[in-house]
Amino acid sequence: MAKFKFELQPILGFKEQVENQKELEFAKTLNIVAKEREKLEGLFAEKDSSLKKFKGEVCPVGGSKLLPTEFIRLNNYIEHLKKCIERQKDVLMKAELILEQKRLALIEASKERKTLDKLKENKFEEHLFEEKQSEQKIIDEVVSYKHSIKEVS
């Protein structure tokens, strides 16, 4: 049986490398998005905590415990957190857009590799079919030769 050799094997190997690289880029970007999401959740938690502290200090049963300077400082901090949250939302949105681009690039690379895989599979099936036909031809020749020898004898 002749050895099967796929002519486009170097290209298939390259496409596999490209797909692996796209997978790594996608995974790295996914990690970045997760970290940015954690930062945003942390900012929300810090804001909620500060608001509870602010409300607890400003509206206690026995009157306010905050000095005016502390009141202003805490209020400014909460406003700062709100701005940080808005900036972090923008950062997260940009990271998610990049993630979507990486996902689409990975899908495209995967399609290209799968197309070549399918072509290789089809070429292999074709090779097996040709080999089977070749073997059948040899068997037919052997049978014909044996039959002709019996007739001569």
Side-chain angles (χ1 to χ4, degrees), residues 1-59 66 69-148:
M1 181 174 191
K3 184 178 177 185
F4 173 71
K5 180 162 175 37
F6 183 54
E7 308 86 33
L8 301 175
Q9 187 62 44
I11 297 172
L12 177 59
F14 174 74
K15 294 294 182 181
E16 289 171 346
Q17 287 177 342
V18 168
E19 183 182 14
N20 289 338
Q21 180 184 0
K22 299 290 182 189
E23 284 176 356
L24 288 174
E25 290 173 5
F26 180 77
K28 286 178 183 177
T29 307
L30 191 60
N31 284 337
I32 290 170
V33 168
K35 287 177 183 176
E36 297 300 334
R37 193 169 282 132
E38 283 179 25
K39 286 179 187 177
L40 182 61
E41 290 170 1
L43 287 170
F44 275 122
E46 179 67 23
K47 179 184 156 203
D48 290 344
S49 171
S50 295
L51 281 173
K52 285 179 185 176
K53 180 180 178 183
F54 184 73
K55 289 177 182 176
E57 296 291 328
V58 172
C59 305
L66 285 179
T69 55
E70 292 175 346
F71 177 82
I72 292 170
R73 185 188 55 78
L74 193 53
N75 189 44
N76 287 342
Y77 181 65
I78 291 170
E79 289 302 314
H80 170 72
L81 285 174
K82 287 179 183 178
K83 289 177 185 174
C84 287
I85 286 171
E86 289 307 312
R87 281 194 299 265
Q88 188 60 31
K89 283 181 181 178
D90 289 341
V91 168
L92 179 59
M93 186 176 69
K94 288 175 185 173
E96 287 174 341
L97 287 174
I98 292 170
L99 180 67
E100 181 63 16
Q101 291 171 348
K102 300 287 184 184
R103 186 184 70 79
L104 294 174
L106 174 59
I107 288 170
E108 186 62 32
S110 181
K111 283 181 185 177
E112 291 174 3
R113 189 221 11 108
K114 286 179 182 178
T115 300
L116 281 175
D117 272 344
K118 187 67 176 168
L119 180 62
K120 180 179 180 179
E121 187 179 305
N122 290 343
K123 290 288 185 182
F124 183 69
E125 291 295 323
E126 190 177 296
H127 171 75
L128 289 178
F129 180 75
E130 289 171 1
E131 283 296 313
K132 188 175 180 180
Q133 282 185 327
S134 175
E135 288 175 6
Q136 188 61 44
K137 184 177 178 183
I138 291 171
I139 290 171
D140 289 347
E141 287 176 5
V142 168
V143 168
S144 177
Y145 176 74
K146 285 183 178 180
H147 183 63
S148 65

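Values below: every heavy atom of this structure, side chains too, minus hydrogens, waters and symmetry copies.
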Next item on the list: Go through the structure and list residues passing side-chain contact (heavy atoms from CB on, under 4.5 Å) with E25, not counting sequence neighbours.
Entry: Q21, K22, K102

Next item on the list: Go through the structure and list residues passing salt bridge (Lys or Arg N to Asp or Glu O under 4.0 Å) with R37, not counting sequence neighbours.
Entry: E96

Next item on the list: State whether K132 and E135 are salt-bridged, where the test is any N-O pair (Lys NZ or Arg NE/NH1/NH2 against Asp/Glu carboxylate O) under 4.0 Å.
Entry: no

Next item on the list: Please round to the nearest 0.5 Å and tell me the distance separating atom NZ of K47 and atom CD1 of I85.
Entry: 5.0 Å

Margin query: For R87, give me all partners under side-chain contact (heavy atoms from CB on, under 4.5 Å), at least two apart in sequence or on another chain.
Written below: H80, K83, C84

Check: Hey, are the side chains of D90 and E86 touching, using non-hydrogen atoms and a 4.5 Å cut-off?
Finding: no

Note to self: If the threshold is 4.0 Å, N to carboxylate O, is there a salt bridge linking E121 and K118?
What the structure shows: yes

Notebook entry, point to check: Looking at residues at least two apart in the chain, or sitting in another chain, which of them share a salt bridge (Lys or Arg N to Asp or Glu O under 4.0 Å) with E16?
Noted result: none

Notebook entry, point to check: If you look at every heavy atom in A109 and V18, which pair is closest and at what distance?
Noted result: CB-CG1, 4.2 Å

Check: Considering residues at least two apart in sequence or located in another chain, which fulfil the side-chain contact (heavy atoms from CB on, under 4.5 Å) criterion with Q101?
Finding: I98

Margin query: Nearest 0.5 Å, please: how far is CG in L116 from NZ in K123?
Written below: 12.0 Å

Notebook entry, point to check: Which distance, rounded to the nearest 0.5 Å, do you find between the CD of Q133 and the CD1 of I138?
Noted result: 12.5 Å

Check: In Å, rounded to the nearest 0.5 Å, how long is the span from CG of L8 to OG1 of T115?
Finding: 12.0 Å

Note to self: Checking S49 now: which residues fulfil side chain to side chain donor-acceptor pair (under 3.5 Å) with it, not counting sequence neighbours?
What the structure shows: none

Margin query: Please check if the number of heavy atoms outside F14 that lie under 6.0 Å from its CZ is greater than 12.
Written below: no

Next item on the list: State which residues pass ring-ring contact (aromatic ring centres under 6.0 Å, His included) with F6; sequence neighbours excluded, sorted by chain then number.
Entry: none

Item checked: Value rounded to 0.5 Å, distance of NZ in K114 from CD1 in I107 -> 9.5 Å

Notebook entry, point to check: From K15 NZ over to N20 CG, what is the distance, rounded to the nearest 0.5 angstrom?
Noted result: 13.5 Å

Margin query: For a side chain to side chain contact (heavy atoms under 4.5 Å, CB included) check, start with the C-alpha distance between K120 and F4, then their side-chain angles and the critical distance, and finish with the verdict.
Written below: CA-CA 10 Å; K120 180 179 180 179; F4 173 71; 4.3 Å; yes

Check: If only atom types and distance count, is the side chain of Q88 paired as donor or acceptor with the main-chain N or O of E36 below 3.5 Å?
Finding: yes

Item checked: Backbone of N122 reached by a side-chain donor or acceptor of H127 within 3.5 Å -> no

Notebook entry, point to check: Is the shortest side-chain N to carboxylate O distance from D48 to K52 below 4.0 Å?
Noted result: no

Margin query: Holding to side chain to side chain donor-acceptor pair (under 3.5 Å), I want the full list of residues that pass it with Q136, two or more places apart in sequence or in another chain.
Written below: D140

Next item on the list: Applying salt bridge (Lys or Arg N to Asp or Glu O under 4.0 Å), name anything that partners K137, two or more places apart in sequence or on another chain.
Entry: none

Notebook entry, point to check: If you take all heavy atoms of L81 and S50, which pair is closest and at what distance?
Noted result: CD1-OG, 3.9 Å

Notebook entry, point to check: How would you list, by chain and number, every residue that makes a side-chain contact (heavy atoms from CB on, under 4.5 Å) with L30, sequence neighbours excluded?
Noted result: F26, L99

Next item on the list: Give the C-alpha distance, both sets of side-chain angles, the deciding distance and a yes or no for salt bridge (Lys or Arg N to Asp or Glu O under 4.0 Å) between R113 and D117.
Entry: CA-CA 6 Å; R113 189 221 11 108; D117 272 344; 2.4 Å; yes

Checklist line | salt bridge (Lys or Arg N to Asp or Glu O under 4.0 Å) partners for K28, two or more places apart | finding: none

Notebook entry, point to check: Does the pair E38/K35 count as a salt bridge with the N-to-O cut at 4.0 Å?
Noted result: no

Note to self: Tell me every residue that passes side chain to side chain donor-acceptor pair (under 3.5 Å) with E141, counting only those two or more places apart in sequence or in another chain.
What the structure shows: none

